[in-house]
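Note that the structure is predicted; figures quoted are calculated from it, not measured.
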Amino acid sequence: MSARDRSGSISLSPRNIIPVCSQLTPSQVSVVRRSWRHINTKGLIIVLTRCFSRLESNCPIVSQCFQSATYSLSTNPNGVRTVADHAKYLLQLLDKIIEGDVDSEFLREIGANHVSLKHENGFSTQEWDRFQEIMVEVILKQDGVKQSKETSRAWRLLICSFIELIRDGFDAQVRQFRRKHSFNAHVQYFENIEKRVGVCPNRKISLNVDPRTPPNGVRKYSQY
């Protein structure tokens, strides 16, 4: 098929789609990729570092996460720990997202790998939402993006979409942990009951039997 249909609009094809943001029209995908080539320079790593630094300064919990000696992520085998590590990883991730080489499940997995921060530092969806706001604000100020309303709208959609997928993966993992924890608590509760019953002596109780009945005599049921 040709690049345009009879109406003159860009036709749908794998190259005109960014899988993690299906809301984008082919024309919006085109302007995102064009603007990405413009802003993806050596200075972009500083811009992305600024996003994480602002998040750290605005959210005490995030600051604790970065400062924690036990903080680590399993997203990368090399480890993504510092602000600089995160900025570098985000740059690589954005490049793959815009090229269409990343799917929704991959982003959800990234979110799920942050679940340890929930238990260790109280990291929550509020921090994801704040990072989304910061990133939108920072990217939309870049030359090559801010000059065009269509480009700004497209970038806003893309950023919100991929961060929401990461957040969804995080939320799903938190819910799974809670269900597992609740199930284990119930199992432990009944196991404790069984243990208590097991240590009690077995006693045979005769209901409604007159205790005055002699051992070798005929038992008489007590009268009410």
Side-chain angles (χ1 to χ4, degrees), residues 1-5 8-55 73-114 128-129 131-173:
M1 295 180 63
S2 62
R4 298 177 181 274
D5 59 19
S9 62
I10 300 176
S11 62
L12 292 176
S13 73
R15 290 301 306 161
N16 293 328
I17 297 172
I18 295 179
V20 301
C21 188
S22 58
Q23 309 96 298
L24 292 176
T25 64
S27 63
Q28 287 176 322
V29 171
S30 178
V31 297
V32 164
R33 286 175 175 158
R34 187 164 58 247
S35 61
W36 177 247
R37 289 192 293 270
H38 180 83
I39 67 175
N40 188 16
T41 61
K42 292 182 179 179
L44 186 58
I45 190 68
I46 299 175
V47 173
L48 298 180
T49 301
R50 190 181 307 138
C51 292
F52 289 105
S53 297
R54 284 183 56 182
L55 181 67
L73 297 179
S74 59
T75 306
N76 268 347
N78 296 329
V80 181
R81 302 185 180 186
T82 66
V83 168
D85 292 338
H86 278 74
K88 182 178 179 181
Y89 183 77
L90 181 58
L91 179 60
Q92 297 170 347
L93 181 63
L94 279 171
D95 195 52
K96 293 179 180 179
I97 287 174
I98 292 170
E99 286 300 313
D101 296 333
V102 171
D103 59 16
S104 300
E105 192 57 36
F106 182 81
L107 295 180
R108 291 191 179 96
E109 184 179 348
I110 291 176
N113 287 334
H114 286 73
W128 289 118
D129 292 342
F131 181 70
Q132 178 177 292
E133 294 170 0
I134 291 172
M135 190 171 177
V136 167
E137 182 181 347
V138 169
I139 294 297
L140 265 57
K141 288 181 179 179
Q142 302 306 304
D143 292 336
V145 176
K146 64 181 181 180
Q147 287 86 349
S148 167
K149 290 184 177 180
E150 183 183 12
T151 306
S152 296
R153 284 195 295 268
W155 268 101
R156 183 184 298 273
L157 280 172
L158 178 61
I159 293 169
C160 292
S161 180
F162 88 79
I163 293 182
E164 283 175 2
L165 286 169
I166 294 174
R167 184 182 59 196
D168 288 347
F170 174 82
D171 287 341
Q173 193 69 13

Ignoring hydrogens and angles, tell me if any N or O in the side chain of [X] forms a donor-acceptor pair with the backbone of [Y] under 3.5 Å.
X    : Y    : value
S161 : V20  : yes
H38  : R34  : no
Q173 : F170 : no
S35  : V31  : yes

Give, for atom [atom1] of [X] and atom [atom2] of [Y], the distance between the pair rounded to the nearest 0.5 Å.
X    : Y    : atom1 : atom2 : answer
R153 : T25  : CZ    : OG1   : 9.5 Å
W128 : I166 : CH2   : CD1   : 5.5 Å
E164 : D171 : CD    : CG    : 11.0 Å
S30  : N16  : OG    : CG    : 7.5 Å
C21  : R156 : SG    : CZ    : 13.0 Å
I159 : I97  : CD1   : CD1   : 10.0 Å

For K88, what residues pass the salt bridge (Lys or Arg N to Asp or Glu O under 4.0 Å) criterion, not counting sequence neighbours? none
Salt bridge (Lys or Arg N to Asp or Glu O under 4.0 Å) with E150: which residues, sequence neighbours excluded? none
I want to check something: taking the side chain as every heavy atom from C-beta on, are [X] and [Y] in contact at a cut-off of under 4.5 Å?
X    : Y    : result
L93  : L107 : yes
W155 : Q142 : no
V138 : M135 : no
I98  : L158 : yes
V47  : R50  : yes
L94  : L44  : no
Q23  : Q28  : no
V136 : C160 : yes

Of all the heavy-atom pairs spanning [X] and [Y], show the shortest one and how long it is.
X    : Y    : answer
L140 : V145 : CA-CG1, 3.9 Å
G144 : T151 : O-CG2, 3.9 Å
S104 : P19  : OG-O, 4.3 Å
V102 : F106 : CG1-CD2, 3.7 Å
V32  : A154 : CG2-CB, 3.5 Å

Audit row: E99, R33, salt bridge (Lys or Arg N to Asp or Glu O under 4.0 Å) steps and yes/no: CA-CA 8 Å; E99 286 300 313; R33 286 175 175 158; 5.2 Å; no
Check side-chain hydrogen bond (donor to acceptor under 3.5 Å, both in side chains) between D129 and all other residues, then give those that pass, not counting sequence neighbours. R167
Identify, with sequence neighbours excluded, every residue that meets side-chain contact (heavy atoms from CB on, under 4.5 Å) alongside K146. D143
For D95, enumerate each residue passing the side-chain contact (heavy atoms from CB on, under 4.5 Å) test, keeping only those at least two apart in sequence or located in another chain. W36, N40
Residues forming a ring pair (Phe, Tyr, Trp, His ring centres under 6.0 Å) with F131, sequence neighbours excluded: F52
Just to verify, which of D85, N113, L90 counts as forming a side chain to side chain contact (heavy atoms under 4.5 Å, CB included) with V80? D85
